[in-house]
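First up is the structure itself, then whatever we jot down about it.
Along the sequence shown, the residues carry numbers beginning at 1.
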Amino acid sequence: MRVFLFSTNNYLKEKVGQYLSYLTPFFISLGFLLAIPRFLNSATCTPLGGPYPHAAIMIVSFIDHDAKVTPLPMKIEVIINPFVLLTIAFLNIFMLLKLRQSKHL
């Protein structure tokens, strides 16, 4: 969103600000809904010792990867994670290009 606001005029910034007040609760709710299947799946946190820093933990999921039916959390992660990764990379590249263009870099 900051990339979009950085490259628009004042009229669009006002419109986007109005839409953000409605879309923010929607996106937060969507994130919680997408996390429910992973939350309901069995997992555990185990503390790490040895060379790792104090209070380091490892989250272990008990998803059966040999099952004939792929669990819903795995399906959601396979679909959503690449889009999130590409979006973050694209927005960072776009922001650097805008900064370079405006001589702030």
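Within the 4.5 Å cutoff, the side chain of L97 has heavy atoms near those of the I93 side chain.
In the hydrophobic clustering, L85 connects to no other residue, as no ILVMFWY side-chain heavy atoms lie under 4.5 Å from its own.
A distance of 5.5 Å separates CE of M58 from CG of L48, quoted to the nearest 0.5 Å. Rounding to the nearest 0.5 Å gives a distance of 8.0 Å between CZ of F83 and CD1 of I79. Here the straight-line distance linking atom CZ of F26 with atom CG of L33 works out to 9.0 Å at 0.5 Å rounding. Atom CG of L23 and atom CG of L30 lie 11.0 Å apart (nearest 0.5 Å). Rounded to the nearest 0.5 angstrom, L91 CG and L96 CG are separated by 11.0 Å. Expressed to the nearest 0.5 Å, how far OG1 of T87 lies from CG of N92 amounts to 11.0 Å.
Cluster membership check: M95 does not share its hydrophobic cluster with L86, using side-chain heavy-atom separations under 4.5 Å among Ile, Leu, Val, Met, Phe, Trp and Tyr.
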